[in-house]
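For reference, positions follow the sequence shown, starting with 1. Keep in mind it's a predicted model, so treat the numbers as computed, not measured.
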Amino acid sequence: MKNGLENALSVETALRKPFLDRIALLFADMDEKYRRVSDQYGFHCQGCEDSCCRTTFYHHTVLESLYLLEGFGRMDKNLRADVSKRAEIVSCRPHEGLFCPLCEDGRCLLYAYRPMICRLHGIAHEVHRPDRTVNYGPGCAAFEAVTENKPYVVFDRTEFYWALSNLEQEARAALGVSGKIKMTVSQMVTAFEYRSRPHEKR
């Protein structure tokens, strides 16, 4: 059975585009609100040895995957080939702390197309649950070191989760996409490259 990403990649590009445009706007809103809070803390990530790009994040929305792969497909073919080779290695060793295949010299090669968790990771945050409880999450080690003893600044992720969830549901219904997704960036890249080789049996 195909997963949600495989189903979505088979949909015509023109039908996917309106939803990719909308997730781009949602991501821009996330980035702006994240910047405002990080500015108040005086925290600006410059990369570190304990990089979040070493963390195995799983992504669960088709739209985030399609958006990332939109950027990946626009890469220079030689760079794309290099990323694909790294992705295959990381996909086979997901829990060994290897860098994301898109990370090069401490920077993301597809920064503008990165998924939500990559955008929101780093600073302390909170999420308001439907039962009215609030989950608080700390920032990364670099954030905690810089902001120790500074007053807490509210960064509520709740609206972003709801907005992305609603957009995902709308997109799946409009595009006729079904199937769950739980993939790392490496797995997305590998799946995209595999699908781009029509001569291979699937």
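In this structure, CZ on Arg119 lies 14.5 Å from NZ on Lys33, to the nearest 0.5 angstrom. Note that CD of Glu64 and CG of Leu167 are 10.0 Å apart. Values are rounded to the nearest 0.5 Å. The structure places CG of Leu63 at 11.0 Å from CG of Leu5, a figure rounded to the nearest 0.5 Å. Here the CE atom belonging to Met30 is positioned 4.0 Å from the CG atom belonging to Leu26, to the nearest 0.5 angstrom. If you take CD1 on Ile117 and CZ on Phe160, they are separated by 12.0 Å, rounding to the nearest 0.5 Å. With rounding to the nearest 0.5 angstrom, the CG atom of Leu164 is 4.5 Å from the OG1 atom of Thr61.
Side chain of Arg54 to main chain of Gly97: a donor-acceptor pair is present (N/O by atom type, distance under 3.5 Å, no hydrogens or angles). In this structure a side-chain-to-backbone donor-acceptor pair under 3.5 Å is present from Tyr41 to Val153. Of the possible polar contacts, none joining the Ser165 side chain to the Tyr161 backbone as a donor-acceptor pair under 3.5 Å is found.
Hydrophobic clustering of Ile, Leu, Val, Met, Phe, Trp and Tyr side chains at less than 4.5 Å, counting indirect connections, unites Met188 with Leu79. Cluster membership for Val127 and Ile123, using ILVMFWY side-chain heavy atoms within less than 4.5 angstrom, is shared. A single hydrophobic cluster is not seen to contain both Leu120 and Tyr111; linkage of ILVMFWY side chains at heavy-atom distances under 4.5 Å, directly or through other members, places them apart. Linking Ile, Leu, Val, Met, Phe, Trp and Tyr whenever their side-chain heavy atoms come within less than 4.5 Å leaves Leu98 and Met183 in two separate clusters.
Just one residue in the list Phe57, Tyr34, Phe143 forms a ring pair (Phe, Tyr, Trp, His ring centres under 6.0 Å) with His121, and that residue is Phe57.
Ionic pairing of Glu88 and Lys85 is not present here: no N-O contact between side-chain nitrogen and carboxylate oxygen is shorter than 4.0 angstrom.
Side-chain atoms of Leu66 and Ile23, non-hydrogen and from C-beta on, never get closer than 4.5 Å to each other. Side-chain contact between Tyr67 and Phe72 is absent, with no heavy atoms from C-beta onward closer than 4.5 Å. Between Arg114 and Phe27 the shortest side-chain heavy-atom distance does not fall below 4.5 Å. Using a 4.5 Å heavy-atom cutoff, the side chains of Phe192 and Leu9 are in contact. Using a 4.5 Å cut-off on side-chain heavy atoms (C-beta onward), Phe155 and Ser38 make no contact.
Of all heavy-atom pairs spanning Val177 and Val62, the tightest one is CG1-CG2, 4.2 Å. When all heavy atoms of Val154 and Val37 are compared, the pair lying nearest together is O-CG2, 3.8 Å. Among all heavy-atom pairs drawn from Arg86 and Pro101, the shortest one is NH2-O, 2.7 Å. Closest non-hydrogen pair, Leu15 versus Pro18, comes out as O-CD, 3.4 Å. Summarising the geometry of Thr184 relative to Gln187, their closest heavy-atom pair is N-OE1, 2.9 Å, with the distance given to 0.1 Å. Residues Pro130 and Trp162 share a closest heavy-atom pair of CG-CZ2, 4.3 Å.
A donor-acceptor contact under 3.5 angstrom links the side chains of His44 and Asp39, judged on distance only. Counted by atom type alone, Glu126 and His128 present one or more donor-acceptor pairs between their side chains at under 3.5 Å.
Counting heavy atoms of neighbouring residues, nucleotides and ligands inside a 6.0 Å radius, atom CD of Glu32 exceeds 12 of them.
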For the pair Cys100 and Val90, evaluate side-chain contact (heavy atoms from CB on, under 4.5 Å) and give the outcome as yes or no after the intermediate values.
-> CA-CA 7 Å; Cys100 171; Val90 177; over 6 Å; no
Tell me, with the steps shown, if Gln46 and Arg107 meet side-chain contact (heavy atoms from CB on, under 4.5 Å).
-> CA-CA 9 Å; Gln46 301 298 320; Arg107 295 290 181 267; 3.7 Å; yes
Does the pair Leu110 and Met75 meet the rule for a side-chain contact (heavy atoms from CB on, under 4.5 Å), with working shown?
-> CA-CA 9 Å; Leu110 288 179; Met75 268 186 175; 3.7 Å; yes
Take Arg80 and Glu193, measure what side-chain contact (heavy atoms from CB on, under 4.5 Å) needs, and give me the verdict at the end.
-> CA-CA 9 Å; Arg80 198 169 106 177; Glu193 286 293 84; 3.2 Å; yes
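Taking the ring axis of Phe19 as reference, the NZ or CZ atom of Arg16 does not stay both within 45° of it and closer than 6.0 Å to the ring centre.
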